[in-house]
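Heads up, the thing below is written out as structure tokens.
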Amino acid sequence: MLEISTLRLEKERVLTGLKKKNASEAQFNMVDKIIELDDLRKKLQTENDNLLSESNKISKEIGDLFKSGKQAEAGELKNRVAEIKEQTKALDEQSKNVLTEINDLLIQLPNLPHSSVPYGKHAEDNEVFKSWDGPLDDLFAEAIPHWELAEKYKLFSLSDGVKLTGSGFPVYKGKGAKLQRALITYFLEKATDAGYLEIMPPLMVNQDTARATGQLPDKEGQMYYVERDDLYLIPTAEVPMTNLYRDTIVAEEDLPIKLTGYTPCFRREAGSYGADVKGLNRVHQFDKVEIVQIAHPSKSYNVLMQMLSHVEGLLQELGLPYRILRLCGGDMSFTSALTFDFEVYSKAQKRWLEVSSVSNFETFQSNRLMLRYKDGDGKNKLAHTLNGSALALARIVASILENFQTPEGVVVPDVLRKYTGFDIIN
RNA sequence: GGAGGAAUGGCAGAGUGGUUGAAUGCACCGGUCUUGAAAACCGGCAUACGUGAGAGCGUAUCUGGGGUUCGAAUCCCUAUUCCUCCGCCA
């Protein structure tokens, strides 16, 4: 959620930012409307505070009068307080309505993109930040896509998942399951080695939590919802991990705070179809190791670059062909100020698959989280939040299977062997 | 799931209707003392919003919400959480 002070003080930047995010006419109009409502809110509060102040004073006087036995005089003052009370009640209600109205509007404004974010509407407009210049067509002639490899080596079954749950819930088996576990361990160890604190969070969260990181109301349809208990299945570990710091004030010297966690992620992915969802390309439940940082505003873009190179290091060690995209305004998430996507090339499918998304949210999340740090002057300021996948499993598995297949079997990347206990899948 | 108890500042812990935003202790920050440190002593130490150039002032907040009262941390209702006992259970 944007700060109202930003709307007031940096209106130009707000308007260009909205333009870059392809905001609607209605969203543009909200800017002035919000400021107007906020003016009204202030006016109402001043009025109300003055009344309350008067009534507090009178109450003290009444107390004194009672003590000195002047009940009669007190009676008159009581009437005045009753009068004030009626007025403040009305003002309270009005303020509440105005505040709700402000929030309803504010919550509809997306985060402002960083100056380096390119203009654009769709994924095709994303900028290639780092391209891959190695070979992409060096598979042997009989190479097959990962879902056929899965069948051949009995690594996972989507049809078993259909029987148990529905489409998009893979059941991993044998070496497929072990590979999964090896990747999780490998990713977690790399993250903890890099100074991230490992977290195992709940997989379901309440509304407050989902709202604070921006999943609600923006992505409500994307999450699984447990109606009976009013809980949401997490679409990413970012949600519980970042919310760990909701309503907190951290010491400036404790920044940056670095968290990592492995969780399954649940996404409804309504409306997806075709080649997009074949095999492990897009599933409703997948495993992911997430990294989160809470950073000082002056350092957050350095942190973003560190996170980028962390993810890059993983892909390099695994030996997968990858490229990095800087997302355009239209393809970025609602909450992000700058996002880099990592894509890995799946050689048998001959397509790029998104495996990581690394973003700086600046104060957009922390404003709703009320996540602050105390600066040198003892003032509380909003911290910046960042997160990234490091990495998302299902598609990594898909590309490992495809890219490392040989006529003898799939060769396990060196770095995983100490976790898998085998070096070939056959 | 049933019965009872509790919830106060970073922590511990007073406070049961009227200068209580809240005693006291610990922690923390600044100072005096000291060659340095410790101890001792002195001072400071919540958050949000409004208002003001600023010092400051005002309002709200003692788990959340509602109520009683001129006045609530204190009384009532309600929600939540935690603890104890019973039941069930990986």
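We name chains A, B, ... by the order of the sequence lines, and we start the count at 1 in each one. Reckoned from all heavy atoms, side chains included, excluding hydrogens, waters and symmetry mates.
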Look through every strand shown and name the nucleotide pairing with B:A60 as Watson-Crick or G-U wobble, where both distances are under 3.5 Å. B:U47
List in chain and number order the residues that pass ring pair (Phe, Tyr, Trp, His ring centres under 6.0 Å) with A:Tyr196, two or more places apart in sequence or in another chain; answer none if no residue qualifies. A:His310
Please list, in numerical order, the residues of residues 88-102 of chain A that have a heavy atom closer than 4.0 Å to any atom of RNA chain B. A:Lys96
For chain A, the stretch of RNA chain B it reaches, first to last nucleotide, under 4.0 Å of its heavy atoms: B:G18 to B:G71
Can you sort out the partners of A:Asp331 under salt bridge (Lys or Arg N to Asp or Glu O under 4.0 Å), two or more places apart, ordered by chain and number? none
Partner set under salt bridge (Lys or Arg N to Asp or Glu O under 4.0 Å) for A:Asp125, not counting sequence neighbours: none
Can you tell me which residue pairs pass the salt bridge (charged side-chain N to carboxylate O under 4.0 Å, His left out) test with a partner in residues 411-426 of chain A, sequence neighbours excluded? A:Asp414-A:Arg417
Hey, which sits more toward the 5' end of RNA chain B by its nearest nucleotide, A:Lys374 or A:Ala82? A:Lys374
Which residues in residues 51-62 of chain A have at least one heavy atom lying under 4.0 Å from any atom of RNA chain B? A:Leu52, A:Ser53, A:Asn56, A:Ser59, A:Ile62
Quick one: ring pair (Phe, Tyr, Trp, His ring centres under 6.0 Å) partners of A:Tyr172, sequence neighbours excluded? A:Phe156
Name the nucleic acid region contacted by A:Asn380, choosing base, sugar-phosphate or nothing; use a 4.0 angstrom heavy-atom cut-off, strictly under. sugar-phosphate
Give a yes or no on whether A:Lys175 atom NZ has more than 12 heavy-atom contacts from other residues, nucleotides or ligands under 6.0 Å away. yes
Short of 4.0 Å, heavy atom to strand atom, which residues of residues 245-254 of chain A count as contacting RNA chain B? A:Ile249
Is it true that A:Arg80 and A:Glu54 have a side-chain N and a carboxylate O under 4.0 angstrom from each other? yes
Establish, yes or no, whether a centroid distance under 6.0 Å links the rings of A:Phe266 and A:His284. no
Is it the case that the ring center of A:Tyr301 lies less than 6.0 angstrom away from the ring center of A:His114? yes
Taking any heavy-atom pair under 4.0 Å as a contact, classify A:Arg41: base, sugar-phosphate, or nothing. sugar-phosphate
Paired nucleotide for B:G9 [Watson-Crick or G-U wobble; both distances under 3.5 Å]: none
When the ring centroid of A:Tyr224 is compared with that of A:Tyr232, is the distance short of 6.0 Å? no
Residues at least two apart in sequence or cross-chain that pass salt bridge (Lys or Arg N to Asp or Glu O under 4.0 Å) with A:Glu151, listed by chain then number, are none
Partner set under ring pair (Phe, Tyr, Trp, His ring centres under 6.0 Å) for A:Tyr262, not counting sequence neighbours: none
Could you please name the partner base of B:A53, counting Watson-Crick and G-U wobble pairs only when both distances are under 3.5 Å? none
Holding to salt bridge (Lys or Arg N to Asp or Glu O under 4.0 Å), I want the full list of residues that pass it with A:Arg211, two or more places apart in sequence or in another chain. A:Asp208
Paired nucleotide for B:U19 [Watson-Crick or G-U wobble; both distances under 3.5 Å]: none
Residue mapping more 5' on RNA chain B - nearest nucleotide basis, A:Arg372 or A:Asp49: A:Arg372
Report which part of the nucleic acid A:Lys379 touches: base, sugar-phosphate, or nothing (heavy-atom distance under 4.0 Å, all strands). nothing
Given that both distances must come in under 3.5 Å, which nucleotide forms a Watson-Crick or G-U wobble pair with B:G71? none
Using 4.0 Å as the upper bound for N to carboxylate O, is an ion pair formed by A:Arg41 and A:Asp38? yes
